[in-house]
There are 2 protein chains.
Amino acid sequence: MSVKIKDVARAAGVSVTSVSRVLNNGDHVSEKLEKKVRRAIEELNYSPSLIAKSLKRNKTNLIGVIIPDITSNFQAMILSLIEEIAGRRGYNLLVSNIVEDTDKVVKYLNIYQEMRVDGIVLMHEKLNEDIRLFLNKTQIPVVVHADFGMNLPTVIIDDFQAGYDATSYLIAQGHREIAMIAGDKRDVCAGLRRIEGYAAACRDHGIMIEEALIRHGDYKLASGYRLMAELLREAQGRFSAVFAASDDMAAGAVNCIQDHGLHVPGDISVIGFDGSQIAEIMRPRLTTIKQPVDRISECTVDLLLEMIEEQGVAKSKGKMKTIVLSHELLEQGSCRSIET
Amino acid sequence: MSVKIKDVARAAGVSVTSVSRVLNNGDHVSEKLEKKVRRAIEELNYSPSLIAKSLKRNKTNLIGVIIPDITSNFQAMILSLIEEIAGRRGYNLLVSNIVEDTDKVVKYLNIYQEMRVDGIVLMHEKLNEDIRLFLNKTQIPVVVHADFGMNLPTVIIDDFQAGYDATSYLIAQGHREIAMIAGDKRDVCAGLRRIEGYAAACRDHGIMIEEALIRHGDYKLASGYRLMAELLREAQGRFSAVFAASDDMAAGAVNCIQDHGLHVPGDISVIGFDGSQIAEIMRPRLTTIKQPVDRISECTVDLLLEMIEEQGVAKSKGKMKTIVLSHELLEQGSCRSIET
DNA sequence: CTGAAAGCGCTTACAG
DNA sequence: CTGAAAGCGCTTACAG
């Protein structure tokens with residue numbers, strides 16, 4: 001049915017070896033041979049099979065990406081940058097958007113392994129026994145976006161420090177009653193670490209931590225709205241500021257506050273996290289912890305490709321890098337300073 | 001280096017045929033043979049190569065998706081739904097996010113073809129000669145999201161009617177001076193068709209179309225902001241309402257209007273397009289044309305898989321379906337009726 | 001129920 | 001510079 005290298009060879013009157021050579025333009029071939037081959041390819045509309053090539057070369061030029069939520073602007077940003085950078089370097093992306101289902105994560109890790117992807121980017125931050133096992137066993141280079149404490153190549157920011165900075169900023173503005181719309185504690189970085197940073201900042205400034213002021217969401221807008229509604233219902237007047245672990249949740253919180261007839265930052269100050277597009281859209285714009293999406297994406301691809309391309313040279317499982325990138329506090333209009 | 005089916009066969013003391021059989025659990029194998037094989041697989045930590053399998057079976061279970069902008073919430077929504085639905089049916093997604101570069105589109109179409117994906121979803125709406133040629137020649141099932149007038153399987157809404165509806169709605173609210181923040185005319189549906197719908201509605205209601213009130217953007221927030229700034233600078237007072245061809249542009253327009261100290265809908269009414277999350281986030285919420293993202297995604301996957309799975313039975317290139325889904329006008333707070 | 005062998009479409013030493 | 005042949009890791013008639 002479809003035309004294969006043998007057909008091209010026959011049409012051009014040369015060997016398949018020669019066709020392969022002009023296709024991969026490595027070794028020298030004579031001009032007229034090349035011309036004959038190119039013409040045959042053209043005429044037969046030949047499309048070489050990367051499947052066969054991958055099998056033979058033991059290399060697919062595929063990178064698998066497992067991402068929790070593409071509809072989050074922050075994650076979409078990273079995905080699109082990774083796609084672009086990897087694309088320029090000859091790699092294509094296999095992507096799985098896995099919402100909240102840890103079992104599906106290992107299912108897809110295994111599929112990627114069976115597909116013989118050259119590398120994997122894992123953006124999920126929740127570990128279970130199966131995932132841990134996979135990461136320990138697999139021969140495939142994996143870059144993770146969370147500190148799992150298991151000596152894996154990692155690209156992250158310092159979420160503890162970032163949580164600390166956000167909270168300290170609010171404190172410096174005179175706030176002493178600060179609620180937190182946090183993530184899931186099982187998320188190592190975006191969840192747990194940011195909460196720890198918040199708690200440490202409170203502690204360091206002699207502020208009692210009130211459990212009732214800490215709520216846990218899923219980083220999405222709707223949960224920010226819902227949790228803020230709870231806070232207003234159950235604790236109104238007991239906090240003057242809120243630290244949200246994502247811009248989406250911060251935006252949901254702002255919407256909720258405004259829908260209750262209150263003002264941001266007049267009545268309640270809100271600080272977000274990520275520095276995604278939504279921070280610019282909101283009015284007031286969100287003050288937020290900006291993550292360096294471009295650096296995160298670059299470093300992720302660089303690190304992964306370095307491992308992939310090194311593999312031939314030496315299976316240097318030894319030098320596992322952890323790259324910690326710096327965040328930045330972006331001061332916009334959603335926080336105000338209050339008299340102490 | 002890595003363990004292959006032959007190693008498993010040897011370890012289990014059976015033939016590779018038998019190992020293959022238990023792997024694909026089709027034909028009957030005796031319980032004890034199966035047990036031996038499973039144990040060997042377990043012990044050797046065997047991961048079968050989908051590459052080899054694909055080559056043999058001539059099927060990759062891969063779908064290539066070419067998408068203009070993942071960071072658009074609307075498109076991210078569709079992508080994530082397609083991923084989920086296709087995933088449930090055993091297909092994985094190869095995705096390329098190609099911003100505005102038509103040459104790259106055909107480059108990736110060719111790569112997908114070489115990778116022998118089972119099907120392709122093309123979301124770009126701009127055609128060039130190379131793309132047209134590819135679509136005409138390829139044997140791979142492709143579903144497109146725009147009416148290219150070339151008898152391809154298509155899933156769309158009626159963008160003309162939707163543009164007509166949006167504009168008529170504004171007219172029914174008493175507006176007679178309506179600006180449009182449109183897309184690129186070379187985008188067959190989201191661009192051209194929506195503009196034609198706008199123009200037809202104006203015409204049908206005896207409204208002169210003023211070219212200066214039609215601006216062309218790229219569907220993103222920033223361009224909506226910029227174009228609205230232009231409109232305010234060059235034509236303020238000459239329009240009381242704006243129809244934007246995407247919610248993102250509508251949001252940018254609203255931001256711009258508000259940043260100029262004006263009010264939506266008090267001073268200017270704005271209607272958007274897509275029904276994406278941003279329409280819910282804005283205050284006021286955006287009145288918008290809501291596209292049925294779930295239906296679009298479902299139909300896309302259904303149609304594509306139908307073609308893929310039919311191929312064996314009959315190469316029914318004949319019955320090319322075009323599925324037109326219905327949109328809906330979602331009335332929220334960004335338009336007001338004015339006295340005529 | 002089980003196995004030996006051909007073949008999927010390429011690449012790559014090896015020899016000339 | 002060019003080609004014949006082995007082999008990548010599977011599946012699948014075919015035979016028993």
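When reading the values below, keep in mind they use all heavy atoms of this one structure, side chains included, and skip hydrogens, waters and symmetry mates. To find a chain, count down the sequence lines: A is the first, B the second, and so on, and within it residues start at 1.
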Polar side chain donor-acceptor pair, A:Gln139 to B:Ser2, under 3.5 angstrom: no

Does the pair B:Arg295/B:Asp302 count as a salt bridge with the N-to-O cut at 4.0 Å? no

note: A:Leu23, atom CG; D:dT2, atom P; distance rounded to Å ~ 15 Å

Can you pull out the residues from residues 33-42 of chain A that lie within a 4.0 Å heavy-atom distance of DNA chain C? none

A:Leu50 CG - C:dG9 P separation (whole Å): 14 Å

d(CE, B:Met115; C1', C:dG9) in whole Å: 16 Å

Side-chain N or O of A:Ser49 closer than 4.0 Å to phosphate OP1/OP2 of C:dG9: no

Classify B:Ser20 by what it touches in the nucleic acid, base, sugar-phosphate, or nothing, heavy-atom distance under 4.0 Å. base

Using modelled atom types only, decide if a donor and an acceptor are shared between the side chain of B:Ser49 and the backbone of B:Ile51 within a distance under 3.5 Å. yes

Salt bridge between B:Arg38 and B:Glu42, side-chain N to carboxylate O under 4.0 Å? no

Calculate the interatomic distance between B:Glu114 atom CD and C:dC10 atom P; express it in whole Å. 10 Å

Could you list, one pair per line, each protein nitrogen or oxygen that sits under 3.5 Å from a nitrogen or oxygen of nucleotides 5-8 of chain D, together with the distance?
unit_1: D:dG7; atom_1: N2; unit_2: A:Lys56; atom_2: NZ; d: 3.4
unit_1: D:dG7; atom_1: N3; unit_2: A:Lys56; atom_2: NZ; d: 3.3

Check for a donor-acceptor pair, side chain of A:Gln113 on one end and backbone N or O of B:Ser47 on the other, with a separation under 3.5 Å. no

When you check the gap from the basic side-chain N to the acidic O, do A:Lys107 and A:Asp130 get nearer than 4.0 Å? no

Indicate, yes or no, whether a donor-acceptor pair under 3.5 Å links the base of C:dG3 to the side chain of B:Arg21. yes

May I ask you to decide if B:Ile67's main-chain N or O and B:Gln75's side chain share a donor-acceptor pair within less than 3.5 Å? no

For A:Asn61, is there any backbone N or O sitting under 3.5 Å from a side-chain donor or acceptor partner on A:Asp118? yes

Whole angstrom is fine here: how far is it from CG in B:Leu44 over to P in D:dG9? 14 Å

Taking NZ from A:Lys59 and C1' from C:dC10, how many angstroms apart are they, rounded to a whole number? 17 Å

Verify, without hydrogens or angle tests, whether A:Asp7 (side chain) and A:Lys4 (backbone) share a donor-acceptor contact under 3.5 angstrom. yes

Whichever of A:Lys53 and B:Lys32 has its nearest DNA chain C nucleotide further upstream toward 5': B:Lys32

For DNA chain C, just give me the dot-bracket, please: Watson-Crick or G-U, both distances below 3.5 Å, ( ) intra-strand, [ ] crossing earlier pairs, | paired with another strand, . unpaired. |||.||||||||.|||

Using modelled atom types and a 3.5 Å cut-off, is there a donor and acceptor pairing between side-chain atoms of B:Thr154 and backbone atoms of B:His145? no

NA contact type, A:Ser18, heavy-atom cut-off 4.0 Å: base, sugar-phosphate, or nothing? sugar-phosphate

In whole angstrom, what separates A:Arg116's CZ from C:dC10's P? 21 Å

To the nearest angstrom, how far is B:Glu31 atom CD from C:dC1 atom C1'? 13 Å

Closest non-hydrogen atom pair, A:Val142 against A:Pro153: O-CG, 3.3 Å

Counting just side-chain N and O atoms, does B:Ser30 come under 4.0 Å of either OP1 or OP2 of C:dT2? yes

Answer yes when A:Glu114 and B:Lys53 have at least one side-chain N-carboxylate O distance shorter than 4.0 Å, and no when they do not. no

Please report the distance separating the P of C:dG9 from the corresponding atom of C:dA13, rounded so that it comes out in whole Å. 23 Å

Taking atom P in both D:dT2 and D:dA6, compute the distance separating them and give it to the nearest angstrom. 23 Å

